[in-house]
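Labels below follow one simple rule: chain letters A, B, ... track the order of the sequence lines, proteins then strands, and each chain is numbered from 1.
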2 protein chains.
Amino acid sequence: MNPKNNPPTMQEIAKRLGVSLSTVSRALKNHPRISEKTKQEVLKIAKEIEYEPNQLALSLLNKRINAIGVVVPQIKYHLYASAISGIEKAANEAGFNIMICQTNELFEREVSIVKELIASRVAGLIVSVASESRDFAHLEQVLRKGIPLVLFNRDCEQLKVPKVVIDNYTAAFQATEKLIESGCENIAFLAGPPQVQISNKRLTGYKSALRKHHLQIDYDLIIHCEFSQENAANATLKLLRSRQQPDAILAFSDQMAIGAMLSVKEAGLKIPEDISIIGFNNEPVDLLLEPKLSSVDQPGFEMGQIATQLLLNQLEENYEELNPPKKVLATKLVVRESLRF
Amino acid sequence: MNPKNNPPTMQEIAKRLGVSLSTVSRALKNHPRISEKTKQEVLKIAKEIEYEPNQLALSLLNKRINAIGVVVPQIKYHLYASAISGIEKAANEAGFNIMICQTNELFEREVSIVKELIASRVAGLIVSVASESRDFAHLEQVLRKGIPLVLFNRDCEQLKVPKVVIDNYTAAFQATEKLIESGCENIAFLAGPPQVQISNKRLTGYKSALRKHHLQIDYDLIIHCEFSQENAANATLKLLRSRQQPDAILAFSDQMAIGAMLSVKEAGLKIPEDISIIGFNNEPVDLLLEPKLSSVDQPGFEMGQIATQLLLNQLEENYEELNPPKKVLATKLVVRESLRF
DNA sequence: CTGAAAGCGCTAACAG
DNA sequence: CTGTTAGCGCTTTCAG
């Protein structure tokens with residue numbers, strides 16, 4: 001029992017044994033040029049006093065800590081929880097820890113988190129930008145400082161860094177086409193805030209699909225709102241009261257799709273008979289809804305793993321900063337009961 | 001553009017200005033005994049070269065980093081996601097960062113995570129133990145080293161440390177009583193693994209309620225299984241085939257309650273007419289189920305905040321290690337459609 | 001008001 | 001095989 005005591009150091013081991021610090025160091029890291037006997041003695045004392053190497057001191061020498069900073073909007077979103085697991089796995093395998101931070105979609109938080117992670121000298125950053133963020137000077141600074149950075153999921157065109165995203169355009173295109181093929185003609189799109197680039201990509205995909213099938217693009221059926229069930233529910237209420245009632249809704253996320261479902265049901269309409277609905281993310285909850293929600297499945301875990309790989313590549317000694325790679329992963333529309341057949 | 005360059009140091013500022021290192025240090029931290037002029041010059045250059053203090057060096061001096069280690073089973077559980085937000089808020093307000101780690105309920109992971117956090121010299125640890133864990137030597141070591149530790153939610157009686165938990169006994173007692181009052185007589189309990197202490201507390205509460213109301217305790221109606229929808233669904237299948245079919249199920253978690261619901265429905269039984277169901281955690285999904293799931297609400301965010309406060313108290317200079325406090329928070333049974341009236 | 005020097009815990013040359 | 005030394009970036013005495 002030595003509470004409040006300073007943690008044991010190599011210095012202490014050295015003193016106890018009457019050897020030099022470097023001998024202890026060598027013994028502890030299994031250096032070849034050390035006698036078996038000294039080694040065992042050192043190891044014994046180390047165990048005795050519960051010596052743990054001070055990562056701080058090591059990190060100061062390496063000029064960086066053995067950890068990757070992960071910045072996401074919210075860990076509770078299924079996509080980010082999966083991605084974090086993927087990152088964690090890949091990072092641990094490479095001997096790195098991860099420091100998870102959530103921005104809660106706030107720009108200010110994002111800026112200060114990134115700043116702090118840099119100050120903590122993380123080895124690199126894996127980021128999915130907050131929905132509020134329009135200005136990316138904080139990330140450009142990361143680049144300027146030569147700190148490895150990878151973006152995932154929420155892309156940001158102006159930043160020239162390695163990134164992993166899904167093919168948002170195609171995903172939305174296919175989902176929209178599916179709705180059209182099942183007979184829907186007035187398809188609404190519940191988009192995210194207008195500054196969210198992946199939302200805009202999906203919007204483009206949606207419009208393309210309409211155009212391809214010679215359907216009019218009705219701007220009353222395109223609504224931008226914050227990511228939340230409640231906002232989406234309100235937006236849907238508005239949609240249902242609009243001149244041209246929709247017969248399908250494509251939502252930016254499952255959370256938003258669920259908001260839509262609630263409003264649709266409340267209005268006494270049937271899903272999918274009156275209105276078909278498709279969301280994004282393939283959250284586990286989709287299976288529990290009635291009707292079961294159709295959704296675009298995104299490979300979150302894989303996205304995390306690849307993002308980490310891209311980061312680790314940059315950490316390699318001989319990394320060449322060519323054109324930063326952009327991995328685009330395919331999605332899969334999972335058709336369930338919320339779609340007419 | 002100076003990628004791969006070392007980050008700027010105070011040394012550099014000193015050289016550029018032809019002053020000493022200590023002057024720069026003083027200027028940067030607004031020391032009283034420094035001329036306004038020098039200060040401004042230093043500040044100007046600091047901004048110019050985008051100097052960021054090296055937390056690593058500071059931490060080495062302080063012998064610890066400015067962060068609290070948070071160890072939870074899985075961040076995706078609603079309860080832990082909320083608790084983390086509470087911890088994050090309280091920690092940030094006190095100037096601390098948090099390092100979130102998930103054990104995935106694995107004992108081995110927990111041990112190695114705790115070890116690494118110690119090696120990284122976190123200021124303290126906030127932990128919710130993995131379901132697998134029966135041996136707590138790794139946490140006792142934390143105590144022995146005098147590193148502040150707080151447990152939350154998943155209690156562990158043998159560890160004498162500050163903790164925040166809910167009143168598991170009463171919560172289960174009340175839930176069971178509610179079922180009894182609504183006319184149920186064969187109430188099953190879907191428990192967690194037998195080594196999980198809070199599950200056993202709930203079990204005790206459940207039994208007490210039965211006894212109070214002179215109902216027989218039927219051990220066929222008590223099933224231990226791993227926390228997962230699937231396991232719970234299988235366990236429920238077994239229950240439904242048992243000699244005495246239950247007319248109510250109290251589940252350790254909402255995830256498990258959901259598994260139970262699926263099996264019950266699949267068996268062609270009606271909820272709540274044939275079987276009433278109550279879960280724990282009050283997950284947002286409960287509201288989306290049909291019927292809406294009744295659940296014991298736990299104040300996750302608050303639990304996180306209090307846990308952090310208990311940790312910060314230990315960090316105070318003059319902390320007296322008396323009897324470690326144990327905060328027991330009240331829960332609230334949220335009655336919804338899955339209960340008969 | 002400013003500078004020099006020691007030291008936080010450890011590693012890595014460089015000498016023996 | 002082992003010891004000595006310098007240094008990672010910074011704060012903090014102690015001297016000017």
Side-chain angles (χ1 to χ4, degrees), chain A residues 4-43 45-46 49-67 95 116 118-123 145 147, chain B residues 4-43 45-46 49-66 116 118-123 145 147:
Chain A
K4 294 266 154 140
N5 252 9
N6 286 338
T9 66
M10 284 172 37
Q11 205 45 275
E12 264 173 63
I13 303 183
K15 247 180 224 155
R16 286 219 199 188
L17 239 59
V19 297
S20 83
L21 188 58
S22 21
T23 303
V24 177
S25 170
R26 286 191 269 253
L28 253 23
K29 45 186 354 208
N30 227 335
H31 191 92
R33 284 193 299 188
I34 184 113
S35 75
E36 188 60 26
K37 182 163 160 289
T38 342
K39 194 166 86 184
Q40 290 311 326
E41 286 175 344
V42 169
L43 257 32
I45 302 214
I49 64 176
E50 295 189 318
Y51 169 79
E52 296 274 0
N54 187 335
Q55 284 300 337
L56 237 41
L58 293 176
S59 303
L60 183 57
L61 283 173
N62 293 332
K63 289 160 188 269
R64 66 166 203 221
I65 62 174
N66 212 25
E116 285 186 14
I118 295 180
S120 307
R121 298 297 191 263
V122 288
K145 296 202 173 207
I147 298 169
Chain B
K4 294 268 155 139
N5 251 9
N6 287 339
T9 68
M10 284 171 39
Q11 203 48 272
E12 264 173 63
I13 303 183
K15 246 180 224 155
R16 286 219 198 188
L17 238 60
V19 297
S20 82
L21 188 56
S22 17
T23 302
V24 176
S25 171
R26 286 192 269 254
L28 252 23
K29 45 184 355 207
N30 226 336
H31 190 92
R33 282 192 303 188
I34 184 115
S35 74
E36 189 60 25
K37 182 162 160 289
T38 342
K39 195 165 85 183
Q40 290 312 328
E41 285 175 345
V42 169
L43 257 34
I45 300 214
I49 65 177
E50 294 187 321
Y51 169 79
E52 295 274 359
N54 187 336
Q55 284 301 337
L56 237 40
L58 294 176
S59 303
L60 182 58
L61 285 172
N62 293 332
K63 290 162 187 267
R64 68 167 202 221
I65 62 174
N66 210 26
E116 285 185 15
I118 295 179
S120 308
R121 299 295 191 264
V122 288
K145 296 204 173 206
I147 299 169

Q: How many whole angstroms separate atom NE2 of A:His31 from atom P of D:dC1?
A: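 Those two atoms, NE2 and P, are 10 Å apart.
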Q: How many Å lie between CD on B:Gln40 and C1' on C:dC1, as a whole number?
A: 16 Å
Q: Sequence neighbours left out, what passes salt bridge (Lys or Arg N to Asp or Glu O under 4.0 Å) with A:Lys37? Give chain and number order.
A: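 A:Lys37 satisfies salt bridge (Lys or Arg N to Asp or Glu O under 4.0 Å) with A:Glu41 only.
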Q: Produce a footprint string for nucleotides 8-16 of chain D: one letter per nucleotide, 5' end first; B if the base is under 4.0 Å from any protein heavy atom, S if only the sugar-phosphate is, - if neither.
A: BBBBB----
Q: Between C1' on C:dG9 and CD1 on A:Ile13, what's the gap in Å once rounded to a whole number?
A: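 In whole Å, C:dG9 C1' and A:Ile13 CD1 are 12 Å from each other.
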Q: Among all residues two or more places apart in sequence or in another chain, which pass the side chain to side chain contact (heavy atoms under 4.5 Å, CB included) test with B:Ala119?
A: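 In terms of side chain to side chain contact (heavy atoms under 4.5 Å, CB included), with neighbours along the sequence ignored, B:Ala119 is linked to A:Gln55.
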Q: Would you mind classifying the nucleic acid contact of B:Ser59 as base, sugar-phosphate or nothing, using non-hydrogen atoms under 4.0 angstrom?
A: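 If one applies the 4.0 Å heavy-atom cut-off, B:Ser59 turns out to touch nothing in the nucleic acid.
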Q: Do B:Glu36 and B:Lys39 sit within salt-bridge range, that is, some charged N less than 4.0 Å from a carboxylate O?
A: yes
Q: Would you mind reading off the distance between B:Asn62 atom CG and C:dG7 atom C1', rounded to a whole angstrom?
A: 13 Å
Q: With sequence neighbours left out, which residue pairs that include part of residues 52-64 of chain A fulfil the salt bridge (charged side-chain N to carboxylate O under 4.0 Å, His left out) condition?
A: none
Q: Looking at A:Thr38, I'd like to know whether one of its side-chain N or O atoms comes within less than 4.0 Å of OP1 or OP2 on D:dC1.
A: no
Q: According to a strict under-4.0 Å criterion, is A:Thr23 in side-chain N/O contact with OP1 or OP2 of D:dT2?
A: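 Indeed not, no polar side-chain atom of A:Thr23 lies that close.
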Q: What's the CZ-C1' distance between B:Arg64 and C:dG9, to the nearest Å?
A: 17 Å
Q: List, one per line, each side-chain donor-acceptor pair under 3.5 Å for residues 16-23 of chain A, sequence neighbours excluded.
A:
{"from": "A:Ser20", "atom 1": "OG", "to": "A:Ser22", "atom 2": "N", "distance (Å)": "3.4"}
{"from": "A:Ser20", "atom 1": "OG", "to": "A:Ser22", "atom 2": "OG", "distance (Å)": "3.2"}
{"from": "A:Ser20", "atom 1": "OG", "to": "A:Thr23", "atom 2": "N", "distance (Å)": "3.4"}
{"from": "A:Ser20", "atom 1": "OG", "to": "A:Thr23", "atom 2": "OG1", "distance (Å)": "3.2"}

Q: Rounded to whole Å, please give me the gap between CD in A:Glu36 and P in D:dT2.
A: 11 Å
Q: Rounded to the nearest angstrom, tell me the gap between atom NZ in A:Lys15 and atom P in C:dC10.
A: 13 Å
Q: For B:Glu50, which residues count as a side chain to side chain donor-acceptor pair (under 3.5 Å) partner, sequence neighbours excluded?
A: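 For B:Glu50 the side chain to side chain donor-acceptor pair (under 3.5 Å) partners, ignoring immediate neighbours, are A:Gln141, A:Arg144.
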